[in-house]
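These notes concern the structure reproduced below.
Nothing here was measured: the structure is a model prediction, and the numbers come from that model.
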There are 2 protein chains.
Amino acid sequence: MAIRDGAFLQIGEVAERTGVTQRTLRFYEEKGLLKPPSRMDGGFRLYSEEDVQRVEQIRRLQKLLGMSLAEIKDLVEAEELKTQIRAGWSREAGSDEKRSRLMETIAITEKQHAIIREKAEQLQHMQHELEGKLETYRGWLAQLEAAPAG
Amino acid sequence: MAIRDGAFLQIGEVAERTGVTQRTLRFYEEKGLLKPPSRMDGGFRLYSEEDVQRVEQIRRLQKLLGMSLAEIKDLVEAEELKTQIRAGWSREAGSDEKRSRLMETIAITEKQHAIIREKAEQLQHMQHELEGKLETYRGWLAQLEAAPAG
DNA sequence: GCGTCACCTTACGCGCACGTCAAGGTGAGA
DNA sequence: TCTCACCTTGACGTGCGCGTAAGGTGACGC
């Protein structure tokens, strides 16, 4: 039976939910894409829902953007930073530090945004190109239907 | 000195123009992504402008969509089919065959379109997500600027 | 106690997409 | 004819992203 200690998941469940293998989860951890999860006494990994979302994000970045894990690592490290900021947001040190951290976060997010925006634009370009081709082909087809002579 | 026999290019020039290595060009040929180019007497490969465009398309599909060369091969084979259709368009057999080929081409193009459309949509989703985050962060920053007390 | 099951680490293996020599042939000018 | 840049075909090497045992641990059920 699974453990369901509140919101913690074992590696098998995380694998099932995210569609990756356990090996992949350990691999991501090894490569620094996932922070080392907490453990049970026996050494079993205990993942949070946040970890699950991280995995899903990694997969999206892999499949949508074709990014390498090294590149993705940079991005998720940035995400980590954001989480840290939110965590210590209210109770922490001076507002100067908050401000500088926040600006860093914004800079990182803007970078991510720029990357995605560019790809999205290129994809839309390809999309429109294909739509044009399709119209052409359909035009030809219509001509054929209209003039059945060889 | 390069040869410039009309529109034919040696592998080195193609490499330079497309930004891939000569090895990569031979590799693509080996894998069936590029049709075997014509050759000089001595065996040197002679590429056409069309080949150059094919290479550029392959690279786009790789980088934008993160597709494997095997997947790309399917797509460019479809492109090849289209080219064949256009080549033998007027002088070839019955209009029935034309029609069926054309419909096949349309089906292939629609598939490509569907793939790209989906990716483009997902990317736009991510893009909007990031834009939302950015607004949030900028709001926080504004709050900080307004209330300088720790 | 014993089996089963889900997990653990360690470590070698694999497919992909090329990189990188090595050894030699080709083409055109001095 | 010589030279030299450019090309040829192997064939082995490399980095990435995992796959796949092999051997062991801890908790549960009988």
The side chain of [X] is closest to which nucleotide in this list: [options]?
| X | options | answer |
| --- | --- | --- |
| A:Arg39 | C:dC18, D:dT9, C:dC8 | C:dC8 |
| B:Thr21 | D:dT9, C:dG19, D:dC6 | C:dG19 |
| A:Phe44 | D:dC18, C:dC18, C:dC8 | C:dC8 |
| B:Gln62 | D:dT9, D:dG17, C:dC18 | C:dC18 |
| B:Ile11 | C:dC18, D:dC7, C:dG27 | D:dC7 |
| A:Phe27 | C:dC18, D:dC7, D:dC18 | D:dC18 |
| B:Gln10 | D:dC6, D:dT8, D:dC18 | D:dC6 |
| A:Ser68 | C:dC8, D:dG17, D:dT8 | D:dG17 |

On the side chain of B:Arg23, is there an atom forming a donor-acceptor pair with the base of C:dT20 - under 3.5 Å, no angle test?
yes
Send over the distance from A:Leu9 CG to C:dC7 C1', rounded to a whole Å.
15 Å
Between A:Tyr47 and A:Arg54: side-chain donor-acceptor atoms closer than 3.5 Å
no
Treating Ile, Leu, Val, Met, Phe, Trp and Tyr as nodes and any side-chain heavy-atom pair under 4.5 angstrom as an edge, say whether A:Val14 and A:Phe27 lie in one connected cluster.
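Yes, because A:Val14 and A:Phe27 connect within a single hydrophobic cluster, where side-chain heavy atoms sit under 4.5 Å apart.
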Between B:Gly42 and B:Met67, whichever has its closest DNA chain C nucleotide further toward 5' is B:Met67
Of B:Lys31 and B:Asp41, the one whose nearest nucleotide on DNA chain C sits closer to the 5' end is B:Lys31
Which part of the nucleic acid, if any, lies within reach of A:Arg26 when heavy atoms closer than 4.0 Å are counted: base, sugar-phosphate only, or nothing?
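Result for A:Arg26 = base.
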